[in-house]
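Only heavy atoms go into these numbers, but all of them, side chains included; no hydrogens, no water, no symmetry mates.
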Protein chains: 2
Amino acid sequence: MHVLLVEDDEPVAESLRRGLKRYGFEVDWVTTGAAALAHPGPYDVVLLDLGLPDTDGLDVCKALRGRGDVPIIVISARSDETDRVVGLELGADDYVSKPFGVREVIARIRAVMRRVRPRTPADAGPDRYGTRLTVDRKAARVHLDGAEVALAPKEYDLLAFLTEEPGALMSREQIMEAVWDANWFGPTKTLDVHVAALRRKLAGAITIEAVRGVGFRLEVAGDTP
Amino acid sequence: MHVLLVEDDEPVAESLRRGLKRYGFEVDWVTTGAAALAHPGPYDVVLLDLGLPDTDGLDVCKALRGRGDVPIIVISARSDETDRVVGLELGADDYVSKPFGVREVIARIRAVMRRVRPRTPADAGPDRYGTRLTVDRKAARVHLDGAEVALAPKEYDLLAFLTEEPGALMSREQIMEAVWDANWFGPTKTLDVHVAALRRKLAGAITIEAVRGVGFRLEVAGDTP
DNA sequence: CATCACTTGCGTATCAGTGGGCAGGTACCT
DNA sequence: AGGTACCTGCCCACTGATACGCAAGTGATG
């Protein structure tokens, strides 16, 4: 899964690149429209920032579209409607406005990919974690021992993120970037509250242990015999 | 996946062609009924506009139907019942009225393909959801406990879309794109009203639950064992 | 004139985020 | 090693914001 990331803002690009790599994407990163057009490819999807220094991103979009039908997802700091419409009319497949969460970008990439490959094997049922917990990402539902667990949206997002890679240690910053916004800074106490909610609602099926000074690690109960 | 698009209105055709290509379809585009009949094929599905300049689209439909069993999806500016019925009686497999969302067209193509694939020409019967509700996509009719339910066009479109994948969570944006127009933005409050109408008219047979901040999810009553 | 799509507005429920207090672990100092 | 002060994470309760549900009204269309 090959992604071309066209983004001049380094912190944003770095964050995106890290996030995407964590989800198994190969990422090539260029900072100018010219470089984007010069890059060979082929790519599975192009992430294109509209606010580039050298060229108008819209021209790049048009040029890319002209030379093939690689899916394009436009990133923009401006979130007003005109931009959105212009971007989509030029042939972009989707549009994400800053500030965005890495999770959201990934969801959109997957959505775009699914269009081209409609019947993915991953279309099968919900993911199972251990013997008690299932996460149905298509329906955004969580079941514990067969009974549905009512999770608030943020709680679900958080769980969905942590279960992407059970057992992996996630830093607070990583989690905030993924579930809240890219480039989050400030208090992360909210995270504690939501972690507590998950612990309470999913007691027995998973454990979320805090790693002091770093972040959290989700473990599936009865997973390491 | 090969599609023949018969449509004289260029902007509409262009938009459809782009959209379909993006979803992995091969599209051949002709602007007249004569050209449609002259085109070789074979195609997996024909998208046929009824408002053609040279021929009455209905004649084209009949002619196509006479020479083989390629699935036909009729597109029409007129959305009233009589047209629907006439088109479908002439052998069309489904019916989409303008203005339509690209996603909806794709959903219907897939639905038609799914139905045609297991060749049982006799019973291309209505789809059944649970024990009480049937959606007859060929006739654009909905029955509850055997009795027809009078649905407004938009209500039917919405139901048809939501029942494409029962239990799946659909975001507001997805729904607006599919049932209203591609690339819809702005208020989605209208959606709530139509959802409310479906809930009222189909009470007991289905439940449409809101997922806060995301969208809606249709469930068939007595469907979660 | 009837139907339907859409808007508006209000009541209500839910949720994200915050602050205070508590507990357990950590580091530092003697 | 022992004691202590501090820091981090955890729990509880509160609040402002916001999304949803529905009923009623408006305007367009045939």
In sequence, state the C-alpha distance, the side-chain angles, and the governing distance for A/V45 and A/F25, and then conclude on side chain to side chain contact (heavy atoms under 4.5 Å, CB included).
CA-CA 10 Å; A/V45 63; A/F25 293 90; 5.6 Å; no
Using a cut-off of 4.0 Å on non-hydrogen atoms, how would the nucleic acid contact of B/R199 be classed: base, sugar-phosphate, or nothing?
sugar-phosphate
Can you tell which of D/dC10, C/dA16, D/dC11 lies closest to the side chain of A/D192?
D/dC10
Rounded to the nearest angstrom, tell me the gap between atom [atom1] in [X] and atom [atom2] in [N].
{"X": "B/R172", "N": "D/dC20", "atom1": "CZ", "atom2": "C1'", "value": "7 Å"}
{"X": "A/L158", "N": "C/dC15", "atom1": "CG", "atom2": "P", "value": "15 Å"}
{"X": "A/Y156", "N": "C/dC15", "atom1": "OH", "atom2": "P", "value": "15 Å"}
{"X": "A/M176", "N": "C/dA16", "atom1": "CE", "atom2": "C1'", "value": "11 Å"}
{"X": "B/L191", "N": "D/dA19", "atom1": "CG", "atom2": "C1'", "value": "13 Å"}
{"X": "A/L151", "N": "C/dT14", "atom1": "CG", "atom2": "P", "value": "15 Å"}
{"X": "B/E209", "N": "D/dA19", "atom1": "CD", "atom2": "P", "value": "19 Å"}

Looking only at side-chain N and O atoms, does B/R200 come under 4.0 Å of OP1 or OP2 in D/dG21?
no
Just verifying a value: how many Å separate A/L144 CG and A/K201 NZ, rounded to the nearest 0.5 Å?
12.0 Å
State plainly whether the residues B/E164 and B/R137 are in salt-bridge range, i.e. N to O under 4.0 Å.
yes
Using a 4.0 Å cut-off on protein heavy atoms (strictly under), produce a 5'-to-3' string for nucleotides 17-24 of chain C with B for base contact, S for backbone-only sugar-phosphate contact, and - for none.
SBBB---B
Considering all heavy atoms of both residues, which atom of B/T188 and which atom of B/D192 are nearest to each other, and what is their separation?
O-OD1, 3.3 Å
Applying salt bridge (charged side-chain N to carboxylate O under 4.0 Å, His left out), can you list everything that pairs with A/E209, at least two apart in sequence or on another chain?
A/R217
Is any side-chain heavy atom of A/V6 less than 4.5 Å from a side-chain heavy atom of A/I75?
no
